[in-house]
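Lettering follows sequence order; numbering is per chain, from 1. Every value quoted in this text rests on a predicted model; they were computed, and no experiment measured them.
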2 protein chains.
Amino acid sequence: MFRQRTYNPSRDQGPFPGAHFFWQVLILLADPPSSGPIRRINAPRRIAVAPESTRCSTCMLNAICLPLGMTRQDVAKMDELIKERFRLPKGGTLYRQGDVADAIYGLRSGSIKTQIEDANGQVQITGFLLPGEVLGLDGLMTDQQVSHAIALEDSEVCIIRLDEMDQLAPQLPSLQRQLRRLMSKEIGRSHQLLLALGSLRSEQRLAAFLLNLSQRLQVLGYSPYEFILRMSREEIGNFLGLTLETVSRLFSRFAREGLIRVQQREVHILDMAGLQALSGTDCS
Amino acid sequence: MFRQRTYNPSRDQGPFPGAHFFWQVLILLADPPSSGPIRRINAPRRIAVAPESTRCSTCMLNAICLPLGMTRQDVAKMDELIKERFRLPKGGTLYRQGDVADAIYGLRSGSIKTQIEDANGQVQITGFLLPGEVLGLDGLMTDQQVSHAIALEDSEVCIIRLDEMDQLAPQLPSLQRQLRRLMSKEIGRSHQLLLALGSLRSEQRLAAFLLNLSQRLQVLGYSPYEFILRMSREEIGNFLGLTLETVSRLFSRFAREGLIRVQQREVHILDMAGLQALSGTDCS
DNA sequence: CGCGCGTTTGAGTCCATTCAAACCTGGTGG
DNA sequence: CCACCAGGTTTGAATGGACTCAAACGCGCG
């Protein structure tokens, strides 16, 4: 039935009933939320933390995250906006498809995957997020989340409530702009991924995946040459439109060819240029 | 080298030098526009038309396009915002990757494809737009277009300048909200397409493609059962991550199986339910 | 008419998948 | 401490679906 075996992630609450759309059915804006009463997200599990620790102005990620490009004054205003943080254990879900989308989230630490699910339960991972990146932008359309967000390890997110953001918007045009940028970036990212899934062969996809990860980790101050993967082979495969076996084989081959060294989830990149050549990034 | 033959669209100005990014390189915000001086888009080809014909308030598409969900008063304010329209001949480009992105565009009539291009000239079509849909949202990130927009037939777009929109924003919060929705929709659309490219087999992809088109045309008041394709087999193939031959074979097979009738670019859908079952939209 | 372009159809190949078995690792309980 | 188990991972062999290469066809156009 499917080109690849159905990727069936562990479900903590049984099958989700609200995955009823496909493609641009969204454009209709017609179908009411058929998923029954809209659930309130995780409300009980939220904790307010000591104020000074949630400040954007003192956050190490403020050069990467939402405040990117803002003036000091504007960042100070951001501090009013972000009152809550949220701890997420490994495997925990930040939100699920169909939840009300009344906030966006800045990932503070850890890593999170986002995935969508169609009516058949077929799942597609749409992104692996690293600290400083913002989640929940895809839910702004319908006021309902259209994807699941699941922690790959213990993680922590900052919560930015939409209504409070709208209130603050007039005084903080730079936030609107930055938000627009982030959404635009998300669109660009999906498009690049589309290009990968649509036209790259498996080895190119994996090479590009590793390079992408390496680069993003470097931005965060980590070594671009060695890192540990937070996701399983199966998740990588799903993300790249491949099977876990293919991914595993490619890892082995890359290692055999001296491009990387890999044991389990620990990856050492030995030949960055070689990977780039493989991925097709390197032009000419 | 590539999984599918390189799709090489006719280029009106030779190879484009600015397609230097890959995936989330965008996140860096570091690399300067390496494409030389940023070009001004199509400025000389723009024409101002009789004011009453550009009014959102009298536009037939105002229930679908940007003004969707706005009050009558807000739509009236939109009228001030949209002062220009732009005629685009078949094959003409509205903007190219690397152009300054200082406006977004509402498609008034015709149809447009958007495509991205990587350093190797590899192209991926990211969308086929119909009237009432909005282009240019992906360029808001960098203030530079990250995709090409090319007309599939003679088309007409409304121009919404970003600086004017920002000026009007405080008085028109519903516009901000709607813009956010549209961007969010675009993200959702890409994600759905990702799911298709990542996990659907060829026949499912084409079936889903036809259903999607059918549905969007219906929203516009056209028959969902018969329409003519504005794009070539090659363009469909590129969009769906298939070769033109595969697409052609699938059309033939669908026709043989009584799902559709097709001659050249004219498509009649005979068995909508069959197509839905095939695409996997139909659940259970 | 002849040409170019898009499309259709066929035959053969190859790459990723499927199915299957063995392996490694970490955690649990005896 | 070790045996055992479960889940993730690796590797092999065989299959099949989409691709490549190729040729013929149809249509519009100068």
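Nucleotide C/dT17 holds its C1' atom 16 Å from the CG atom of A/Leu206, rounded to whole Å. Rounded to an integer number of Å, the gap from A/Ile228 CD1 to C/dT25 P is 15 Å. Between the CD atom of B/Glu266 and the C1' atom of C/dT7 there is a distance of 16 Å, given to the nearest Å. Per the geometry, CZ belonging to B/Phe254 stands 13 Å off P belonging to C/dT8, to the nearest Å. For A/Glu234 and C/dT17, the CD to C1' distance is 14 Å, given to the nearest whole Å. What separates CD of B/Glu235 from P of C/dG6 is a distance of 9 Å, to the nearest Å. Taking atom CD on B/Gln204 and atom P on D/dG17, their separation rounds to 12 Å, with Å as the unit. Distance, B/Leu200 CG to D/dA18 C1': 15 Å, rounded to whole Å.
Stacking of A/Arg230 on the aromatic ring of A/Phe128 is not recorded, the 6.0 Å distance cut-off and the 45° axial limit not both being met.
Across all strands shown, B/Ser252 has heavy atoms under 4.0 Å from sugar-phosphate atoms exclusively, and none from any base.
The shortest distance between the side-chain N/O atoms of B/Ser232 and the OP1/OP2 oxygens of C/dG6 is not below 4.0 Å. Dashed line: the shortest gap from a side-chain N or O of B/Thr246 to OP1 or OP2 of D/dC19 is under 4.0 Å. For C/dA16, one of the phosphate oxygens OP1 or OP2 lies less than 4.0 angstrom from a side-chain nitrogen or oxygen of A/Ser202. An OP1 or OP2 oxygen of C/dA16 is reached within less than 4.0 angstrom by no side-chain nitrogen or oxygen of A/Thr243.
Taking 3.5 Å as the limit, the base of D/dC21 and the side chain of B/Glu245 contain a donor-acceptor pair of atoms between them. If you check distances only, the side chain of A/Arg253 never reaches the base of D/dT10 with a donor-acceptor pair under 3.5 Å. At a cut-off of 3.5 angstrom, the base of C/dT18 holds at least one donor-acceptor pair with the side chain of A/Arg249.
Taking 4.5 Å as the limit, every side-chain heavy atom of A/Val134 sits out of range of all side-chain heavy atoms of A/Leu107. In this structure the side chain of A/Arg85 never reaches within 4.5 angstrom of the side chain of A/Val157, judged on heavy atoms.
Which of D/dA18, D/dT20, D/dT9 sits closest to the side chain of A/Arg233 comes down to D/dT9. The A/Arg265 side chain lies nearest to D/dG8 when the options are D/dC19, D/dG8, D/dG12. Of the candidate nucleotides D/dC19, D/dT10, C/dT8, C/dT8 has the atom lying nearest to any side-chain atom of B/Leu244. Checking D/dG17, D/dG8, D/dC19 against the side-chain heavy atoms of B/Arg201 singles out D/dG17 as nearest.
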Does A/Glu245 form a salt bridge (charged side-chain N to carboxylate O under 4.0 Å, His left out) with A/Arg249? I'd like the steps, not just the answer.
CA-CA 6 Å; A/Glu245 293 97 326; A/Arg249 265 184 260 274; 5.8 Å; no
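B/Ser279 and B/Gln204 are not linked by any side-chain donor-acceptor pair at a separation below 3.5 angstrom, with hydrogens and angles left out of the test. A side-chain donor-acceptor contact under 3.5 Å links B/His148 and B/Glu117. If you check the side chains of B/Ser199 and A/Gln124, you find no donor sitting under 3.5 Å from an acceptor.
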Tabulate below the donor-acceptor pairs under 3.5 Å that side-chain atoms of residues 264-274 of chain A make, not counting sequence neighbours, or state none.
residue: A/Glu266; atom: OE2; partner: A/His268; partner atom: NE2; Å: 3.2
residue: A/Asp271; atom: OD1; partner: A/Ala273; partner atom: N; Å: 3.4
residue: A/Asp271; atom: OD1; partner: A/Gly274; partner atom: N; Å: 2.7

Each nucleotide of nucleotides 25-30 of chain D classed B (base within 4.0 Å of a protein heavy atom), S (only sugar-phosphate) or -, in 5' to 3' order, makes ------
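For A/Arg108 (side chain) and A/Glu156 (main-chain N/O), no donor-acceptor pair under 3.5 Å exists by modelled atom type.
Partner of A/Ser147 under the side-chain hydrogen bond (donor to acceptor under 3.5 Å, both in side chains) criterion, chosen from A/Asp138, A/Asp99, A/Thr126, A/Thr114: A/Asp138.
Where the helix from C/dC1-D/dG30 to C/dG30-D/dC1 starts and where it ends, the local axes point in directions that differ by 30°; five pairs per end, rounded to 10°.
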